[in-house]
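Heads up: the structure comes next, in structure tokens.
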Amino acid sequence: MKFVPAKTILTKVKNGAYWYGVDYNMNLYRGCSHGCIYCDSRSNCYHIDDFDVVRGKENALFILERELIKNMRGVIGIGAMSDTYNPKELKYEQTRGALKLISKYGFGVSIDTKSDLILRDLDLLKEIHSKNNVIIKFTITTPRDDLSQIIEPGAPVSSKRFYAIKTLAENGLFVGIMLNPVLPFITDKEEDIKRFVELAYQCGARFIHTYMSMTLRENQRDYYFEKLDEHFIGLREKYIRYYGNRYDCVVPNCKRLYKVFADECEKYGILYRMDEIIKAYKKECETSEQITLF
């Protein structure tokens with residue numbers, strides 16, 4: 001694996017209180033090997049060349065420890081731009097090393113991933129949870145393994161991600177799902193949404209969050225359309241007619257579909273509003289700390 005120079009690892013988040021309550025963001029890798037056909041990180045605005053090639057950041061753990069010492073404790077978001085549990089992590093263990101430092105200095109963690117490799121670090125996640133907030137967010141876009149293999153060819157299939165959620169939940173961790181994006185005319189079937197929520201409940205997911213839309217811009221759009229031509233013949237033309245050059249592509253019948261989604265979440269007791277998700281996982285940690293204190 002190639003390594004790229006890095007001056008900083010942690011970035012202070014301005015609006016984190018509205019997005020899973022994170023205080024800092026960090027990405028230990030650049031690029032991603034999942035090959036998701038819809039990935040917004042391919043957009044030119046992020047300036048990542050050869051996005052499908054994973055690169056590490058030089059001296060990442062040294063820089064991170066230096067920054068953890070300087071900053072106030074809070075929740076660190078990992079994996080927003082590049083899945084921190086890519087296959088290279090098996091060898092280089094930058095994520096595991098970072099979790100050790102996060103635990104050492106008493107920070108909390110918010111992890112985005114599509115990989116069941118996270119189960120390797122169950123011990124560290126439980127250790128961090130005993131001191132601070134932990135929330136784990138699996139991106140899952142479909143309950144169907146056959147479809148996930150097409151739209152996310154390099155990632156573990158959906159069933160493996162649901163199994164990882166079950167394992168983490170059984171170990172007392174606050175874990176749920178980001179149902180983002182929802183791909184118009186592909187993953188927006190009502191029966192799939194209902195099945196999705198049912199599977200989440202069966203696996204012990206505490207929350208599901210969705211916008212019922214996807215984004216398309218610049219070269220991300222070009223790449224997505226190429227894959228539509230490869231796997232969903234004729235769908236490119238339907239997107240062009242329906243959305244033109246719009247950035248935010250909301251699924252047809254969004255309000256009706258979101259109501260179906262919300263009703264299913266209510267039925268199974270699954271959180272789906274951002275403010276309630278944040279309150280729930282942070283309150284859990286506060287309760288745990290109070291019990292430990294007394």
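All residue numbers in this chain count up from 1 along the given sequence.
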**Request:** State, to 0.1 Å, how close Val75 and Gly21 come at their nearest heavy-atom pair, and which atoms those are.
**Result:** CB-O, 3.9 Å
**Asked** Quick one: does Lys57's side chain have a donor or acceptor within less than 3.5 Å of a partner on Thr8's backbone?
**Response** no
**Request:** Kindly give the heavy-atom pair with the smallest separation between Cys36 and Tyr223, and that separation in Å.
**Result:** O-CE2, 4.2 Å
**Item:** Leu117 to Leu90 - nearest heavy-atom pair and separation
**Value:** CD1-CD2, 3.6 Å
**Asked** Can you tell me if OH on Tyr105 sees more than 12 non-hydrogen neighbours from other groups inside 6.0 Å?
**Response** yes
**Item:** Backbone of Tyr20 reached by a side-chain donor or acceptor of Tyr281 within 3.5 Å
**Value:** yes
**Asked** Taking everything shown except Lys12 itself, do over 12 heavy atoms lie less than 6.0 Å from its NZ?
**Response** yes
**Prompt:** Salt bridge check: are Asp146 and Arg144 linked by an N-O gap of less than 4.0 Å?
**Reply:** yes
**Asked** Minimum heavy-atom separation for Thr210 to Asn180, with atom names?
**Response** CA-OD1, 3.3 Å
**Message:** What verdict does the side chain to side chain contact (heavy atoms under 4.5 Å, CB included) test give for Arg30 and Ser82, after you've listed the backbone C-alpha separation in whole Å, the side-chain angles of each residue and the deciding distance to 0.1 Å?
**Reply:** CA-CA 6 Å; Arg30 284 178 67 86; Ser82 174; 5.9 Å; no
**Message:** So that I can tick it off, tell me whether Lys267 and Asp263 are bridged by a salt bridge, with the cut-off set at under 4.0 angstrom between side-chain N and carboxylate O.
**Reply:** no
**Prompt:** Thinking salt bridges, do Arg217 and Asp40 make one under a 4.0 Å N-O criterion?
**Reply:** yes
**Asked** Using the ring of each side chain (for Trp, its six-membered ring), is Tyr258 parallel, tilted or perpendicular to Phe261, with breaks at 30° and 60°?
**Response** tilted
**Request:** Can you measure from CD1 (Ile136) to CD1 (Ile165) and round to the nearest 0.5 angstrom?
**Result:** 9.5 Å
**Message:** With a 4.5 Å cut-off on side-chain heavy atoms, are Tyr24 and Met72 touching?
**Reply:** yes
**Message:** Closer than 3.5 angstrom, by distance alone: can the side chain of Ser213 be matched with the main-chain N or O of Asp248 as a donor-acceptor pair?
**Reply:** no
**Message:** With clusters defined by side-chain heavy atoms of hydrophobic residues (ILVMFWY) lying less than 4.5 Å apart, directly or transitively, does Ile177 cluster with Leu173?
**Reply:** yes
**Message:** As a quick check of understanding, evaluate ring pair (Phe, Tyr, Trp, His ring centres under 6.0 Å) for Phe185 and Phe232, giving each step before the final call.
**Reply:** CA-CA 10 Å; Phe185 316 116; Phe232 305 95; over 10 Å; no
**Prompt:** Looking just at side-chain N and O atoms, do Asp145 and Ser159 make a donor-acceptor pair shorter than 3.5 Å?
**Reply:** yes
**Asked** Do the ring planes of Tyr239 and Phe225 sit parallel (below 30°), tilted (30 to 60°) or perpendicular (above 60°)?
**Response** perpendicular
**Prompt:** Would His34 and Cys39 count as a side chain to side chain contact (heavy atoms under 4.5 Å, CB included) if you check the C-alpha gap in whole Å, the side-chain angles of each, and the deciding distance to 0.1 Å?
**Reply:** CA-CA 9 Å; His34 290 333; Cys39 185; over 6 Å; no
**Asked** Do Val134 and Leu10 belong to the same hydrophobic cluster, where Ile, Leu, Val, Met, Phe, Trp and Tyr are linked whenever their side-chain heavy atoms lie under 4.5 Å apart, directly or via other members?
**Response** yes
**Prompt:** For the residue pair Thr187 and Thr142, what are the closest heavy atoms and their distance?
**Reply:** CG2-CB, 4.3 Å
**Item:** Nearest-0.5 Å distance, CD1 of residue Ile140 to CD of residue Glu152
**Value:** 9.0 Å
**Request:** Output the distance between atom CD1 (Ile208) and atom CD1 (Ile270), rounded to the nearest 0.5 Å.
**Result:** 4.5 Å
**Message:** With a sphere of 6.0 Å drawn around CZ of Phe62, does it hold more than 12 non-hydrogen atoms of other residues, nucleotides or ligands?
**Reply:** no
**Asked** Any side-chain heavy atom of Pro184 within less than 4.5 Å of one from Pro252?
**Response** yes
Enumerate donor-acceptor pairs with a distance under 3.5 Å from any side-chain N or O in residues 191-205 to protein atoms, sequence neighbours excluded.
| from | atom 1 | to | atom 2 | distance (Å) |
| --- | --- | --- | --- | --- |
| Arg195 | NH1 | Glu198 | OE1 | 3.3 |

**Request:** Could you walk me through whether Tyr243 and Leu216 pass the side chain to side chain contact (heavy atoms under 4.5 Å, CB included) test, one step at a time?
**Result:** CA-CA 10 Å; Tyr243 297 109; Leu216 283 177; 5.9 Å; no
**Prompt:** Can you tell me how far the CD1 atom of Ile78 sits from the CG atom of Leu28, to the nearest 0.5 Å?
**Reply:** 6.0 Å
**Flag, side chain of Glu190 to backbone of Val260, donor-acceptor distance under 3.5 Å** = no
**Prompt:** Once you round to the nearest 0.5 Å, how far does OH of Tyr85 lie from CZ of Arg96?
**Reply:** 8.5 Å
**ILVMFWY cluster, Val109 and Ile69 together (side-chain gap under 4.5 Å)** = yes
**Asked** Are Phe162 and Phe138 near enough that their ring centres are under 6.0 Å apart?
**Response** no
**Asked** Should Leu119 and Ile128 be regarded as members of a common hydrophobic cluster, given that ILVMFWY residues are connected when their side-chain heavy atoms come within less than 4.5 Å of each other, either directly or indirectly?
**Response** yes
**Prompt:** Is there a donor-acceptor pair closer than 3.5 Å between any side-chain N or O of Asp52 and the backbone N or O of Gly35?
**Reply:** no
**Item:** Donor-acceptor contact present, side-chain Asn132 to main-chain Gly106, <3.5 Å
**Value:** yes
**Prompt:** Within a reach of under 6.0 Å around CZ of Arg66, are more than 12 heavy atoms found that belong to other residues, nucleotides or ligands?
**Reply:** yes
**Message:** For Glu127, is there any backbone N or O sitting under 3.5 Å from a side-chain donor or acceptor partner on Ser130?
**Reply:** yes
**Prompt:** So, for Tyr242 and Arg246, which heavy atoms are closest and what is the spacing to 0.1 Å?
**Reply:** O-NH2, 2.7 Å
**Request:** Apply the test side chain to side chain contact (heavy atoms under 4.5 Å, CB included) to residues Met26 and Ile102: give CA-CA distance (whole Å), side-chain angles for both, the deciding distance (0.1 Å), then the verdict.
**Result:** CA-CA 12 Å; Met26 76 173 182; Ile102 286 169; 4.0 Å; yes
**Message:** When you measure from the side chain of Arg161 to the backbone of Thr139, do you find a donor-acceptor pair of N or O atoms at a distance under 3.5 Å?
**Reply:** yes
**Asked** With no hydrogens and no angle check, is any side-chain donor or acceptor of Asp116 less than 3.5 Å from a backbone partner on Lys160?
**Response** no
**Prompt:** Quick one: does Pro181's side chain get under 4.5 Å of Thr141's, heavy atoms only?
**Reply:** yes
**Asked** Are side-chain N/O atoms of Thr84 and Thr95 paired as donor and acceptor at under 3.5 Å?
**Response** yes
**Item:** Sequence neighbours excluded - salt bridge (charged side-chain N to carboxylate O under 4.0 Å, His left out) pairs with any residue from residues 79-92
**Value:** Glu89-Arg120
**Main-chain N/O of Glu67 paired to Asn71 side chain as donor or acceptor, under 3.5 Å** = yes
**Complete:** Between Asp50 and the options Arg55, Arg42, Lys2, the salt bridge (charged side-chain N to carboxylate O under 4.0 Å, His left out) test singles out Arg55
**Prompt:** Are Leu101 and Tyr29 connected in the hydrophobic side-chain network, where two residues link if heavy atoms are under 4.5 Å apart?
**Reply:** yes
**Asked** Any Lys/Arg nitrogen of Lys166 or Glu170 sitting under 4.0 Å from an Asp/Glu carboxylate oxygen of the other?
**Response** yes
**Message:** Assess the residue pair Asp123 and Lys100 against the criterion (salt bridge (Lys or Arg N to Asp or Glu O under 4.0 Å)); give the C-alpha distance rounded to whole Å, side-chain angles, the decisive distance to 0.1 Å, and a yes or no.
**Reply:** CA-CA 10 Å; Asp123 59 331; Lys100 288 178 180 178; over 6 Å; no
**Request:** Nearest 0.5 Å please: distance from the CG atom of Asp222 over to the CD atom of Gln220.
**Result:** 10.0 Å
